[in-house]
Amino acid sequence: MNMFLKTTCASITGALIAGTAIADGHAQSWDMPMAYAATNFHSEHGVIFADKVREYTDGAIDITVHAGGSLFGGGDIKRAVQTGQVPIGERFMSAHANEAPLLAWDNLAFIATSYDDNAKLWDAAKDSVNAQLAELNLVALYTCPWPGQGFYFNKEVASSDDTQGIKFRSYNSATATFAEELGMIPVQIEAAELSQALATGVVSAFISSGSTGYDRKVWEHLSHYYKVNAWLPRNYVIVNSQVWDGLDAEVQAGVQKAADETAAACGAKSAELSDFYFEELAKNGMTVEDAGPEFLAELEAIGQKMTAEWLETAGPDGQSILDAYNAN
Ligand code: PCA
């Protein structure tokens, strides 16, 4: 962020903080925009988090969750938190990688494809990601992985011969690049808008977990899901740095305890639900299967190329993350 923007963010936030009740010990009310469906496990854990925060801060912080992009659309949540329009929010971390490439650490294909490995990769990435977030005027309270990512199509796909020219919903720059490598045309669309985009033919394919296909009932439009399990990307709950710094140490500790517990519960729920989502897709008529060997080999080659490109844009911090991960 440039200095002008940083100073502006800080002063807007300062003004907002002054308007809240930190100094006189009254409860603060925090609106927390979240990007995904209210019934999604990420959003449900946002509510669990809010309940825990109330409990562990003795009511000092009262969070109201606004799921489904209802307060701010997914694409606007980070800026709203950075500039202090809201103190806290939740978003898909790698959606911010165009601004800070390091935040795509969890989109590296076929590197950490189990929940345990994904947790190890996060351990390796955490310090440099947090340093990067500090520069963006943000503090991450907790992160939670989505189940593994695979491909949705409206036909059988055996290789990139079958994907040429398809309009493909991407959710960040890595998925747009992936689509282009497969000869598809990426269009970035929020999960909240996905059903409509499929219904109107704006796109007819996308990459995601079983979770988002289930939330959006995509069996109404699409027929095939290929379980590639390419990566397990994370959502994160972020708080504005000045708001965070303005809290008493005791309140901070209460919020962090709530965040740590929610992270563990949310990650476990994600793992527990991943097969359920596949079963629901199949029950509703979709063919759910592993990607065939030819398609998978192409995806792996693209993944390797993209990891090399990420290492170039993320610089030495990116390499350190992978080195630390591989050393464990
Ligand atoms: N669902 C989100 C991000 C990753 C996922 O599994 C989405 O498709 O927007």
Side-chain angles (χ1 to χ4, degrees), residues 33-46 67-70 72-78 89-98 103-110 112-115 118 121-122 143-153 167-179 184 186-198 202-219 221-222 225-238 266-267 269-278 280-281 286 288 299 303:
M34 300 184 79
Y36 298 91
T39 52
N40 181 271
F41 69 92
H42 285 286
S43 307
E44 288 173 350
H45 281 78
S70 58
F72 286 95
D76 297 322
I77 291 175
K78 176 176 74 65
E90 180 243 30
R91 177 59 170 152
F92 188 53
M93 187 184 301
S94 59
H96 304 143
N98 49 346
L103 301 183
W105 66 274
D106 61 355
N107 277 218
L108 303 175
F110 306 110
T113 57
S114 67
Y115 281 88
N118 180 267
L121 185 58
W122 171 232
T143 70
C144 177
W146 290 91
Q149 305 292 291
F151 284 88
Y152 290 86
F153 292 108
K167 285 182 268 171
F168 182 88
R169 176 264 177 166
S170 57
Y171 55 54
N172 61 14
S173 37
T175 46
T177 307
F178 227 99
M184 299 194 279
V187 189
Q188 183 141 346
I189 294 168
E190 286 300 313
E193 318 292 333
L194 182 55
S195 309
Q196 203 190 348
L198 291 168
V202 172
V203 292
S204 64
F206 65 104
I207 187 170
S208 195
S209 59
S211 178
T212 294
Y214 170 78
D215 287 344
R216 295 293 152 209
K217 297 190 171 51
V218 300
W219 49 80
H221 311 286
L222 303 179
Y225 184 73
Y226 291 102
K227 299 196 268 181
V228 177
N229 200 27
W231 58 79
L232 287 75
R234 290 189 176 223
N235 282 5
Y236 60 165
V237 169
I238 41 183
C266 186
K269 194 66 176 178
S270 176
E272 182 194 320
L273 285 172
S274 43
D275 282 339
F276 162 82
Y277 292 131
F278 293 148
E280 288 296 312
L281 297 180
M286 293 190 78
V288 179
L299 298 176

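Atom set for the values below is all heavy atoms of this structure, side chains included, hydrogens, waters and symmetry mates excluded. In listed order, ligands and their atoms are each counted from 1.
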Ligand 1: which protein N/O atoms lie under 3.5 Å from its N/O atoms?
residue: ligand 1; atom: 1 (N); partner: Ser208; partner atom: OG; Å: 3.1
residue: ligand 1; atom: 1 (N); partner: Thr212; partner atom: OG1; Å: 2.6
residue: ligand 1; atom: 6 (O); partner: Gln149; partner atom: NE2; Å: 3.0
residue: ligand 1; atom: 6 (O); partner: Ser208; partner atom: OG; Å: 3.2
residue: ligand 1; atom: 6 (O); partner: Ser209; partner atom: N; Å: 3.1
residue: ligand 1; atom: 6 (O); partner: Ser209; partner atom: OG; Å: 2.6
residue: ligand 1; atom: 8 (O); partner: Arg169; partner atom: NH1; Å: 2.8
residue: ligand 1; atom: 8 (O); partner: Ser208; partner atom: OG; Å: 2.7
residue: ligand 1; atom: 9 (O); partner: Arg169; partner atom: NH2; Å: 2.8

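Under the rule for a side chain to side chain donor-acceptor pair (under 3.5 Å), Glu44 has no partner lying at least two apart in sequence or in another chain.
A salt bridge does not link Arg216 with Glu190: none of the charged nitrogens is closer than 4.0 Å to a carboxylate oxygen.
For Trp122 and Tyr115, the ring centers are positioned 6.0 Å apart or more. Here Tyr225 and Phe151 keep their ring centres 6.0 angstrom or further from each other.
Listed for the Ser270 side chain is a donor-acceptor partner under 3.5 Å among the backbone atoms of Pro145. In this structure, Thr212 contributes its side chain and Ser209 its backbone to no donor-acceptor pair below 3.5 Å.
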